[in-house]
Structures are given as structure tokens and as C-alpha cells.
K.L.:
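One structure, as C-alpha cells, below. Some questions next.
One-based numbering, in listed order, for ligands and for the atoms of each.
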Amino acid sequence: MYKYLDNIDSPKDLKKLNIDELEILCDEIRDFLIKTLSKTGGHLASNLGVVELTVALHYVYDSPVDKMIWDVGHQSYIHKILTGRKNLIKTIRQTDGLSGFIKRSESPHDIFEAGHSSTSISAALGIARARDLAEEDYVVTAIIGDGALTGGMALEALNDGGKRKTNITVILNENEMSISENVGAISSYLNKLRTTKSYYKFKEGLESLLSKIPIIGKKLIRLIRKIKEGLKTTILNGGMFFEELGYRYIGPVDGHNVKSIVNVLEKIKKSEAPILLHICTTKGKGYKLAEENPDIYHGVGIFDIKNGKKIIKGKKTFSSVFGDKLVEIAKENNKIVALTAAMKDGTGLKRFSSVFGDKLVEIAKENNKIVALTAAMKDGTGLKRFSEEFPERFFDVGIAEQHGVTLAAGMASNGLIPVFAVYSTFLQRGYDQVIHDVAMQNLHVILCLDRAGIVGKDGETHQGVFDTSFLTNIPNMSVFTPGNFEELEVIMEYAVDKMNSPVVIRYPRGGINNIFNIKTQDFNPFENQVLKKGKDLTILTQGRLSQDALNAANKLQEEGVSCELLYMRCINPIDYDSIINSANKTKGILIIDESLEDTSIKNRIISNIHEKSKNIRIDYLTLPNKFIEHGTVEDILERYNLSEEGIYKKIKEII
Ligand SMILES: Cc1ncc(C[n+]2csc(CCOP(=O)(O)OP(=O)(O)O)c2C)c(N)n1
């Protein structure tokens, strides 16, 4: 039971409180967030950092008339709480629950959707220019973190907005962190500003002091305003970068002092000029473990509030039950030893990201041409170890995927072998660079695409379901889709040692339990592998769905249906010969692909096969042609029949 929070169902209720009560409300919100997110998981640290800011914004401004645009949107939970969704926060990121990001369909207070970073200033400018053309009057505010400010788009927008003097407020939430520590020269500059005295306070204080001096005081203020530029340069120097770009710089303001923020927002509310308000916050504020480890608590699963320990929930697998039981037995019996044949991680404890990271360290030890790149995703992509072992060969470019790709191209053109680990969805940002800077020059850049396919709780903005279409149409580009950890390792070796052209290696979030026998010795990675022979239907699979397909085929075998399973490890170029050979025998193909119907490789296969043979029936099982919603990976795959059961049913339907 919360004294104030319980009574807040909309920003109107918030406005009934006085400023002292706001402070108590902030404490209540923190408590509510920690307790709720410990049971659901989510972006805890980022949200704890913006409690006071969000409360102040909704206290001073009149949402949704005044518009707030949240960059990335991962820090919008308090905004959701204050705009009528408090009781649904417990469903956040769950299947059929609230989105973890801004969603226009959820509330009129959600103005502009995101998930990828650095878009808020451009969107705010667009909204403000539409307002101005319609001669309307309301406040437009972009709220952007110092991490997101490293993205090129944010700087493009600042550049545009400052010149045209579009009336928006940019609130820069500086906490010195992206997901891991923030990088780059602007970050160092902000850091310096953080330690300077508040320019805003000083200037306001000075002006109010002078205004008290009769007659001469006003003249002095005018004079001071006139020599403002010089004064700033010589004495204050605060925010000059932003002032030069055309913004009135205000700050730094303590982002955990709700009174100060309310005070500043009240003052700038009526401003006609573009403003950059710099607030300083602590990521994870109010939960000691998150303050100490903001990177770990950036996005968390379910955890124990007392000690921060992860609580792993989910379906039990035979493997995990076996593993737990074996430990229990071994404690009692010291004769027990455990053996495995390269399948230590079938239990899902290991992830593709960590296998990738460890393998890259191993390869880099032997080959000093290897360099690793990330766009602010060192931890997520598994590059932490590499960054520690080879700091001089590791490059975090900030949230700047475009720059990352071209930087890699430059490195490759001068003899290095760059490996850029990037999430499938974020590489969408670097598409032109992949074509124009990497592929066209046929450079040996290795793009390791993590989170390919369905990613789960992050939903629409993060699903890795487009790269299969946008990367497999590029000349010179080879695209591999390893189906288990061991195959990832051998493909990485192959890409480094045997190739001298652009390579993509795409793999899903987490781990998989593919137990089928993928050839990893004396193999040609461009050829499909026959996993099971059959005569009734050819099934084409790749990546993580292959095991489900094999299980379904085996089950059908018992019912007298014999499927031939072709495992594709490379989806560009496609090994059409093996497909046509098999299909000439079975007269039917089922293509299974975890991409959208229209982005799937099925389209290329269908047109190629139909050119060669008209009497082969082709069916497919893909995701539907829409932006795929959030939910657990299992729920989403099951929902769209990309599961053992779904594949089984589809084959039966065809046969
Ligand atoms: C284009 C893009 N690349 C990477 C990410 C992954 N990502 C999500 S939040 C984040 C850090 C953002 O830092 P900041 O803007 O400072 O916000 P904070 O969480 O620190 O408040 C990153 C890198 C993303 N959302 N978009």
C-alpha cells in the first residue's frame, strides 16, 4: 500500500500533490519498481535513474497535449505508471502484456515509438515543425541518454534543429553509462560539464540580484546578456558545444532533486528557443546493487531483491532435471564422474554469444590481425573477455552501427581482419555501409549477427527477422546460419582462415539443444547436409529450428511418412543443386524459416526451383508478414507453428 502512488491513475492526480509530497511519491515509485521488476525482469537500472525526471515532467507539463518523446523507450516504465498503466506493469514484456517500450496503441500519452536508439530528437523536431505549421502551441520534449547521444542520428538532428531554431527541449539524461560505460569524446566533454558549477543557477542568480539594483540593474542585465557569448567563453564555458549548435544550454541539474527539476521545467516551459537541459543522474538510483552494477541491471531477468541473485524460471528440460539430479547424487557418492562429448551446454546454460566470445579470443591468440568491434554492446554480444584480453585490438564505437561497419571496412582494406559483433536488428542501421563500404569492395569483414530470429521480450523493434532478406541479396556476401555451438566455432575458423570476402554468421539469442550430428570436419560450408533420408517430402531447415524439424520427421517416420531433411548451413549462396536433387525424388519441398513470409529465403528458392522444374510442390512455414509482437521466444515460435508440433502438423497437412 502506497500513500500517494495508490491514488495516481493519470497525470491529473499527480498535479494534486505538493512538491514535498512528490519526493515521497518518488520513493514509493522506486519501491514499486524494484518489487515489481524483481518478479518480471526488465530495464531496472535505467528506470530507477529517471524517477524524479519523469515525475517532474508529468507534474509540470500537460501530457498528452505537451509531447514527451523517449529515446529508445526502455526507460519509460515510470511514464507508464503515471499514465494509467500502473496495474499492468506486472505484465511488462510478458507474452500479451505491456510492451517494454513506448507503444502508441497502449496509450495516447505514448507519442513516438522506439527501441533503437538516437531517434528522439529527429522525431521531436518533426512533431514540433508540424505544430508550428499548424500554428499550435504546446511543448515538445525529447528525453535522450548520453549513450544514445553517441548515435549519429542524434547529432544530425541537433545540427538541423539548432540551425532552424525549432522550439523543442532536449533533456540530456547523463549517467555516464550506455549499457556498459559510455565511450567517446562527447562523453568526456559531458563529464567535464558535470563537474562545472551549474551555469543555469549562476546566471539566474546573477540576473535576479542585478534586477534588485534600481535603474542601473536592468541596464546591467542587458549589458550582460549582450556580452553573454564572451562571458560564457571566458568564465563559464559551460555547454559551449550545445550553445554553438544553437541551443540554450541549461545545467547541469541534479536529476535526483525533483524540486530542482520542477523549478527548471517551470522556467523553460514558455521558452521559444531550442533548449538543451542537461541533468545528471545515477543509473540504478535507490537500489544499491544496481547502482554498483548498472551494466548488469540495465536489463535484468527475475531476481531476488535481497541479494540480486538471478532466479531462473521456465520450462524444465530433461537435460536440466538430469543435471540437477546428477549433482545431488554426486554429492552423496564420490565415485560419480560426468562425461560429455562436446555437449556440455545442451542444458542451455551456455549461449551463442559466449561461445562466440570465447572462440574469438582463442582465434585472436593465434592471429594478431583479428580485431573486434562493438556498437555499445560489449556484454550482450559476448565481447567482454576479448576487451579484457586484447584492449588495444578492441573497439567500442558507441551506439554507431553505421560507423562501426565502415570502420571495419577501413580496417579490412588495410590488412586487419575485423569481426563486428552486432545484433541482427541493429545492423539494420548499417545497411548502406554493408553494401557500399564492405561488399562492393569485397572486403574481408566478418559480421557476427547475434539475436538473429525471434528475440522474445523486447518485441517488434528487436526481432531479428529482416537480415535474411537484406543480407542475402548482396553480391559477394556469404551468410552462414550455424545450428549449434560447435558449428559456430568451425564456421568462425573457416571465415577467418579460408575466406577473403565479406561474411555474415547469424545465430539466435541464447543457446539451443540441437543434438543432431552436424558435420564439422571435412565439410564444405556452402553445401547442404542431408540429416535424414526420405522419399515423400524434402524439408529444408536451418539454424535452431532444425532439431524440431528432425523430431517431427522422426515422429512421422513411425507413422509411415518418410521425409528427407536437408540442413542448410549457408543461405547465401544457396546450394540449389542439392535441393533440386532431393525434390526431383520427393516432388515436394517444405521450407522452414524463422523470418517473415516476405523476408524469407523461401522466395528465392521458389523462383529458382520453379525455373528448373515446374512439377515440384513447394510449401513453407514462416512467420506471418507483420511486425512480430513481444513474448517469450517459445510462446512466439509456438504461436506461429515454428515448433516441433507445428512442423509435424504442417507436414501432415501437406502429405
Ligand atoms: C541502434 C541501437 N543500438 C543498440 C541499442 C541497445 N541499447 C539499448 S539501451 C542502450 C544504452 C542507452 O544508454 P543511454 O541512452 O545513456 O540510456 P540509459 O539506459 O543509460 O539511461 C543500448 C546500447 C539500441 N537500443 N539501439
K.L.:
Is a donor on one side and an acceptor on the other found under 3.5 Å between the side chain of K80 and the backbone of S99?
P.N.:
yes
K.L.:
Do me a favour and list the nearest non-hydrogen protein atom to atom 18 (P) of ligand 1 with residue, atom name and distance?
P.N.:
K283 NZ, 3.5 Å
K.L.:
Could you find the nearest protein heavy atom to atom 11 (C) of ligand 1 and give me its residue, atom name and distance?
P.N.:
S178 OG, 3.4 Å
K.L.:
Do any heavy atoms of M377 fall under 4.0 Å from ligand 1?
P.N.:
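M377: in contact with ligand 1 (<4.0 Å).
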K.L.:
Looking at G147, which atoms of ligand 1 are within less than 4.0 Å of one of its heavy atoms?
P.N.:
13 (O), 14 (P), 15 (O), 16 (O)
K.L.:
Heavy atom under 4.0 Å from ligand 1: found in D71's side chain, backbone, both, or neither?
P.N.:
neither
K.L.:
Among I69, T169, D66, which residue meets the side chain to side chain contact (heavy atoms under 4.5 Å, CB included) test with V140?
P.N.:
I69
K.L.:
So, 4.0 Å and heavy atoms of H298: is ligand 1 close enough to count as a contact?
P.N.:
yes
K.L.:
Should H74 be listed as contacting ligand 1, given a heavy-atom distance under 4.0 Å as the test?
P.N.:
yes
K.L.:
Tell me: protein heavy atom nearest atom 25 (N) of ligand 1, and distance?
P.N.:
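Result: G115 O, 2.9 Å.
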K.L.:
Can you tell me the protein heavy atom closest to atom 23 (C) of ligand 1 and the distance?
P.N.:
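Going atom by atom, the protein heavy atom closest to atom 23 (C) of ligand 1 ends up being I399 CD1, 3.5 Å.
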K.L.:
Apply the salt bridge (Lys or Arg N to Asp or Glu O under 4.0 Å) test between D110 and each candidate in R85, K103, K67; give the one that qualifies.
P.N.:
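Single salt bridge (Lys or Arg N to Asp or Glu O under 4.0 Å) partner of D110 among R85, K103, K67: R85.
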K.L.:
May I ask you to identify the nearest protein heavy atom to atom 5 (C) of ligand 1, giving residue, atom name and distance to one decimal place in Å?
P.N.:
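For atom 5 (C) of ligand 1, the nearest protein heavy atom comes out as F426 CZ, 3.2 Å.
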K.L.:
Tell me which one of I179, V422, T425 gets a heavy atom nearest to atom 8 (C) of ligand 1.
P.N.:
I179
